[in-house]
Amino acid sequence: KGFSIMGSDSGSQHRTLAIAAIALGKIVELGLPADPRSYELWYVYATGKNQKLRDEIDAALRGDSTLTESDIDRLHAQYISPTRNAGDLDRVANRLNDEVGQVVKMINAAVSSVERYDEQLSEGTAAANNATNEADLRRVIEDLITATFSMERENSSLKEQLEASRMRSEKLMQEIEAVRVESLTDALTQVGNRQHFDDTLTREIARAGQSNAPLTLLMVDIDHFKRINDE
């Protein structure tokens with residue numbers, strides 16, 4: 001009951017269609033819903049790129065055994081969701097890194113603008129000291145006023161750009177937090193997964209050590225949980 005489609009051109013239409021056909025064939029064979037979660041699981045299975053997933057599914061399908069929708073949810077949460085979360089986190093992190101790069105460019109532009117304005121003030125001061133008549137002094141003052149207005153406009157534009165960047169960064173941080181929470185949550189039960197347990201236990205042990213407070217860990221084993229899981 002194992003399948004594998006390999007080829008040198010991973011982007012080949014024929015290869016991807018063959019993989020899709022295998023995935024849909026397994027869904028039909030096992031009488032499973034053809035929903036995106038199930039299709040994604042069987043597509044990864046058909047590629048043969050996740051050997052642990054293939055081994056577990058093949059072992060479950062030996063003989064007359066089959067897979068339930070709950071099994072599909074569990075397998076998806078175990079083998080598919082973590083890799084997708086990692087990819088989502090990388091994409092958001094790259095966008096945040098790009099945003100930081102844009103802010104650095106804006107700040108560099110603002111520094112250059114301030115330096116240019118400082119030079120104009122110095123030149124204006126020197127020109128004012130060397131002015132020999134009222135007309136020359138008026139021109140110097142007009143140039144300084146123009147430079148000041150220009151600097152004010154640039155500062156206003158920079159303020160708007162930084163505010164827009166701040167809002168985009170906050171949204172990206174929210175997306176990162178959402179991915180982090182999802183990576184610590186079991187997709188089937190919507191409770192904390194093993195990673196969440198390990199993180200929490202480590203944090204609580206450290207907290208108890210700092211405060212010399214007692215720490216109690218209660219572990220409960222539920223009999224026949226597969227039946228609960230299936231139902």
Side-chain angles (χ1 to χ4, degrees), residues 1-98 172-202 219 221-222 224-231:
K1 293 186 178 181
F3 296 89
S4 179
I5 301 294
M6 303 301 291
S8 58
D9 182 7
S10 60
S12 168
Q13 182 187 38
H14 293 296
R15 178 174 180 270
T16 55
L17 287 175
I19 294 173
I22 292 175
L24 291 174
K26 297 302 293 182
I27 290 173
V28 172
E29 176 188 339
L30 298 173
L32 296 168
D35 54 32
R37 180 183 295 269
S38 181
Y39 175 77
E40 183 179 19
L41 179 74
W42 287 109
Y43 190 94
V44 173
Y45 170 86
T47 64
K49 293 181 179 180
N50 191 322
Q51 192 59 46
K52 290 183 178 180
L53 171 64
R54 287 177 59 86
D55 290 344
E56 182 164 346
I57 290 179
D58 289 343
L61 293 178
R62 289 194 182 98
D64 296 328
S65 300
T66 186
L67 292 174
T68 66
E69 292 181 42
S70 295
D71 292 328
I72 296 299
D73 288 337
R74 178 183 61 79
L75 290 168
H76 188 281
Q78 182 176 353
Y79 293 103
I80 307 300
S81 294
T83 57
R84 189 175 64 226
N85 288 337
D88 291 342
L89 186 59
D90 287 342
R91 283 190 291 273
V92 176
N94 288 335
R95 287 163 55 197
L96 186 59
N97 185 62
D98 291 341
L172 289 172
M173 292 303 295
Q174 291 173 358
E175 292 183 29
I176 289 177
E177 177 62 15
V179 173
R180 187 191 71 83
V181 171
E182 184 179 351
S183 69
L184 298 176
T185 303
D186 177 70
L188 181 61
T189 61
Q190 293 301 303
V191 298
N193 58 18
R194 175 59 185 267
Q195 185 61 51
H196 184 271
F197 170 79
D198 291 342
D199 292 348
T200 303
L201 184 60
T202 300
M219 303 189 72
D221 180 36
I222 303 177
H224 310 295
F225 188 74
K226 185 179 186 306
R227 186 174 64 204
I228 297 173
N229 210 34
D230 291 344
E231 295 176 358

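Hydrogens, waters and symmetry mates play no part in the numbers below; they use all other heavy atoms, side chains included.
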Please examine the side chains of [Y] and [X], heavy atoms only from C-beta on, and report whether any two atoms are closer than 4.5 Å.
X   : Y   : value
L61 : E29 : no
I22 : W42 : no
Y45 : N50 : no

Point-to-point distance, once rounded to the nearest 0.5 Å, from [atom1] of [X] to [atom2] of [Y]:
X    : Y    : atom1 : atom2 : result
L75  : L41  : CG    : CG    : 5.5 Å
T200 : Q195 : OG1   : CD    : 9.5 Å
L30  : E69  : CG    : CD    : 11.5 Å

Main-chain N/O of T68 paired with D71 side-chain donor or acceptor, under 3.5 Å: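 A pair under 3.5 Å: yes.
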Heavy atoms only: give me the nearest [X]-[Y] pair and the separation to one decimal.
X   : Y   : answer
L67 : L32 : O-CD2, 3.4 Å
A20 : Y39 : CB-OH, 3.3 Å
I27 : P33 : CG2-O, 3.8 Å

Salt-bridged, D198 to R194, with N to O below 4.0 Å?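 Salt bridge between D198 and R194, a charged N being under 4.0 Å from a carboxylate O: yes.
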